[in-house]
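So you know, we letter chains A, B, ... as the sequences are listed, proteins then strands, and number each from 1. As a basis for the values below, the full set of heavy atoms in this structure was taken, side chains included, without hydrogen atoms, waters or symmetry mates. Predicted, not measured: the structure shown is a model, and the values here were computed from it.
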Number of protein chains: 2
Amino acid sequence: MRPLFHPVPENITVEGILHALSDPVRAAIYAKIVGANCSQICSSFLEVSAKPVPKSTLSQHFKVLREAGLIRGERRGVEMHNTSRCDEINQRFPGLIPAILSAHTLQSKGTARSAAAGKRKPAKA
Amino acid sequence: MRPLFHPVPENITVEGILHALSDPVRAAIYAKIVGANCSQICSSFLEVSAKPVPKSTLSQHFKVLREAGLIRGERRGVEMHNTSRCDEINQRFPGLIPAILSAHTLQSKGTARSAAAGKRKPAKA
DNA sequence: GTCCATAGTTCATGAATTCGGAACTATAGA
DNA sequence: TCTATAGTTCCGAATTCATGAACTATGGAC
């Protein structure tokens, strides 16, 4: 169990953030963490998606979010508590996170039909 | 040579946009297209990055940007003219594109040193 | 202390993406 | 028609991603 890696704010990159949030599962996880006032534990996300996410996959997703600088993870006993690093990122890239989150919100509200489409392919016909 | 595919605005997804712009080469291409008042041809991007981008790779990058709905490509004779679809996207996801672009600008200004780091890995030590 | 349950991580491997050189297509002009 | 130019497509190699199995670390019961 190697120690958790968190980038310092200066090493947080736009590419890392966009990549992390370009996956719908990770975006959903992050949105929920940001939305909650308290820290969230990993296992509460096993059913974040329509089909349940295996816990090894979940662990990788949390790692990506952590290493992108989006969240901070802290082991407390046997659980991992996750909080958002919104303020730090907002200081480095003002407005970026709110814009992405509100776009995600708009999308999930607006389009029930296009949600049927695949992960990131824009329907090939 | 199959015809170019462009998604209609309703099928443009946040995931697609974030994925497309999470690559530094594509982000640079897109920023230049948005910044320019006139359309840009593909071959003018062979040297967007420090090391020259092969034209097959460039072609793929343009395809990703097109299919994400970020740009519109139009064949004119032997060249391909590319323009941004900013307005359409801004209507669907207000503020998203400006936020990402200004974050990219901030980053490229601010950190000459972290630019030395790899593509999206946040320095492992 | 030992044993067990729980919460996550790491490893290994197959699937899916991405990169880039070579070959190809389409158009313009001589 | 022949040649040059601008992009695209194809395909093999390299990389990244997903996930089951094995593992680690902590807490609690005894």
### Query
Where the side chain of A:Gln60 is concerned, which of C:dT18, D:dA6, D:dT19 is the nearest nucleotide?
D:dT19

### Task
Starting from the 5' end of DNA chain D, give me the residue, A:Gly77 or A:Thr57, whose nearest nucleotide shows up first.
A:Thr57

#### Entry: Sequence-distant partners of B:Ser39, side chain to side chain donor-acceptor pair (under 3.5 Å), two or more places apart
B:His81

### Query
Considering only C:dT10, C:dG8, D:dT8, which nucleotide approaches the side chain of A:Arg2 most closely?
C:dT10

### Task
Tell me, with the steps shown, if A:Leu65 and A:Leu21 meet side-chain contact (heavy atoms from CB on, under 4.5 Å).
CA-CA 8 Å; A:Leu65 289 170; A:Leu21 296 180; 4.3 Å; yes

### Query
If you take atom types as modelled and just measure distance, does the side chain of B:Ser59 reach the base of D:dG7 with a donor-acceptor pair under 3.5 Å?
no

### Query
Distance check: side-chain N/O of B:His19 vs OP1/OP2 of D:dT16, anything under 4.0 Å?
no

### Electrostatic pair B:Arg92:B:Glu10 at N-O distance under 4.0 angstrom
no

### Query
What is the distance from NZ of B:Lys63 to C1' of C:dT18, rounded to the nearest Å?
12 Å

### Task
Using a 4.0 Å heavy-atom cut-off across all strands, classify B:Ser56 as base, sugar-phosphate, or nothing.
base

### Task
Measure from CG on B:Asp23 to C1' on D:dT16 and round the result to the nearest Å.
13 Å

### Query
Can you tell me how far C1' of C:dT27 sits from CD of B:Glu74, to the nearest Å?
15 Å

### Query
A:Leu58 near the nucleic acid: base, sugar-phosphate alone, or nothing, with a heavy-atom cut-off under 4.0 Å?
nothing

### Query
Nearest to the side chain of A:Pro54, which nucleotide is it out of D:dG20, C:dC11, C:dG20?
D:dG20

### Task
Starting at atom CZ of A:Phe45, determine the distance to atom C1' of D:dA18, rounded to an integer number of angstrom.
19 Å

### Task
Give a yes/no on whether any side-chain N or O of A:Ser43 is located under 4.0 angstrom from OP1 or OP2 of C:dG8.
yes

### Query
Can you name the residues that form a side chain to side chain contact (heavy atoms under 4.5 Å, CB included) with A:Ser102, not counting sequence neighbours?
none

### Message
On DNA chain D, does the nearest nucleotide to A:Lys51 precede the nearest nucleotide to A:Arg76 from the 5' side, or the other way round? Give the residue.
### Response
A:Lys51

#### Entry: Atom pair distance, as rounded to whole Å: NE2 in A:His61 and C1' in C:dG8
15 Å

### Task
Could you check how far CD of A:Glu15 sits from P of C:dT18, rounded to whole Å?
16 Å

### Task
Map A:Val78 and A:Arg66 onto DNA chain C by nearest heavy atom, then report which one ends up closer to the 5' terminus.
A:Val78

### Query
Do the charged groups of B:Glu74 and B:Arg76 touch, with an N to O distance under 4.0 Å?
yes

### Spacing of A:Met80 atom CE relative to C:dA7 atom P, expressed in whole Å
14 Å

### Query
In whole Å, what is the span from the CG atom of B:Leu4 to the P atom of D:dA6?
18 Å

